[in-house]
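Order of appearance sets the numbers: ligands from 1, and atoms from 1 within every ligand.
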Amino acid sequence: MIRIAIQSKGRLNEDSCLLLKDAGISVDELKRKFLGKASDFPLEILYLRDDDIPEVVADGSADLGIVGYNEVAESGAEVTILRRLGFGTCRLSLAVPKTDKYDGLSYFNGKAIATSYPRVLRSFLDKNGIDASIREIRGSVEIAPAAGIADAIFDIVSSGGTLVSNGLKEVERVLESEAVLIAGPSLSEDKKPIVDNLLFRFDSVSDSRGKKYILMNLPTSSVEDAVKILPAMRSPTVMPLAMDGWCSLHSVVKESELWDKVEALKKIGAEGILVLNLDKVIA
Ligand code: PRT
Ligand code: ZN
């Protein structure tokens, strides 16, 4: 049995639960209080505030954790990043009142900066030789300049909408973040195969995300061109059709490239193109 810590509620909870579900792990929703147990995998799920996850993994109370990289960096906890998970993307940035002239980092000398991430900020300022004071506040950091509590802020930015609506502008992107899967410094031998199995499942899920299965009828003479358009995992599958001179071609494409590929395939004579959802990609 291994134990994974995930956020109990908040921005990462839903995607963390979805990752477990897509990996074929069922958790009894009704029992989702503090400690849950999967019915079909040797896994316990510990639901915590995100701030507590790095420490709990570092001290071995949980074997794995899913948390924002920003929290890992701020905690300084001794953990290893096993995977970047591709959700919860955001960044930690410095922002100043939009009417201020900003001409580089020296702007911050002698200024007060409000943040909930003092450790990451201190290390960034020290590295760049900037002498600014840090006002640690929890929550609503973006109102600090208007409230006269600080000159600037250092906070999480995603779309940037919160900064704009508070009369601020982003001037330095300091740390790029996304949800990460973390592990503690020591994992007992009996747990390693379970963790490896879970990683294999997570990798299959992430390989299938953002991809589509595509199949079409194609003149056999166009197969060579189609292979150039659709490289696939090894190469596309080609099957003869009952009608002479035609074949059926199957492949996998990135969703972001789908429409460009479809255009190119139509030009070389592809017909009856079907695009299907992909459930898992097993390497
Ligand atoms: O209760 P608990 O302590 O567990 O949760 P929390 O309130 O501390 O964190 P939560 O749920 O808000 O965020 C969890 C994690 O999601 C963060 O640690 C980040 O890794 C990640 N994440 C991704 C974000 C955002 N995007 C985000 N936009 N966390 C916070 N925000 C905030 C940001 O601070 C800003 O004030 O959302 C606001 C809107 O952002 P814009 O730029 O889109 O306007
Ligand atoms: Zn938190």
Once you restrict both partners to nitrogen or oxygen, which atoms of ligand 1 have a protein partner under 3.5 Å, and how far apart are they?
| unit_1 | atom_1 | unit_2 | atom_2 | d |
| --- | --- | --- | --- | --- |
| ligand 1 | 3 (O) | R49 | NE | 2.9 |
| ligand 1 | 3 (O) | R49 | NH2 | 2.8 |
| ligand 1 | 3 (O) | D50 | OD1 | 2.8 |
| ligand 1 | 3 (O) | D51 | OD1 | 2.8 |
| ligand 1 | 4 (O) | Q7 | NE2 | 2.9 |
| ligand 1 | 4 (O) | D50 | N | 2.9 |
| ligand 1 | 4 (O) | D50 | OD1 | 3.3 |
| ligand 1 | 5 (O) | Q7 | NE2 | 3.0 |
| ligand 1 | 8 (O) | D50 | OD1 | 3.3 |
| ligand 1 | 9 (O) | D50 | OD2 | 3.4 |
| ligand 1 | 11 (O) | Q7 | NE2 | 3.0 |
| ligand 1 | 11 (O) | R11 | N | 2.9 |
| ligand 1 | 12 (O) | R11 | NE | 3.1 |
| ligand 1 | 18 (O) | D50 | OD2 | 3.4 |
| ligand 1 | 18 (O) | N70 | ND2 | 2.9 |
| ligand 1 | 20 (O) | N70 | OD1 | 2.6 |
| ligand 1 | 31 (N) | R11 | NE | 3.4 |
| ligand 1 | 34 (O) | I156 | O | 3.4 |
| ligand 1 | 37 (O) | R11 | NH2 | 2.7 |
| ligand 1 | 42 (O) | S158 | N | 2.8 |
| ligand 1 | 42 (O) | S159 | N | 3.1 |
| ligand 1 | 42 (O) | G160 | N | 2.8 |
| ligand 1 | 43 (O) | S159 | N | 2.8 |
| ligand 1 | 43 (O) | S159 | OG | 2.7 |
| ligand 1 | 44 (O) | S159 | OG | 3.4 |
| ligand 1 | 44 (O) | G161 | N | 3.4 |
| ligand 1 | 44 (O) | T162 | N | 2.8 |
| ligand 1 | 44 (O) | T162 | OG1 | 2.6 |

*asked:* Let me confirm one number: the NZ-CD distance from K211 to E257, rounded to the nearest 0.5 Å.
replied: 10.0 Å
*Are side-chain heavy atoms of R3 and L35 found at a separation under 4.5 Å?*
yes
*Before accepting this row, confirm whether a basic side-chain N of the pair K267/D225 lies closer than 4.0 Å to the acidic partner's carboxylate O.*
no
_Crowding at CZ, R209 (>12 non-hydrogen neighbours, <6.0 Å)_ = yes
*Closer than 2.8 Å to the Zn ion (ligand 2), which protein N, O or S atoms?*
D50 OD1, D51 OD1
_D196 CG: over 12 foreign heavy atoms closer than 6.0 Å_ = yes
*Working to the nearest 0.5 Å, report the span between CE of M243 and OG1 of T220.*
10.5 Å
*Cluster question for you: counting only ILVMFWY and a side-chain heavy-atom cut-off of under 4.5 Å, with indirect links fine, are M216 and I229 together?*
yes
*Are the side chains of F202 and L198 in touch, meaning some heavy atoms are under 4.5 Å apart?*
yes
*Would you check if the side chain of S75 reaches a backbone N or O of P54 as a donor-acceptor pair within less than 3.5 Å?*
no
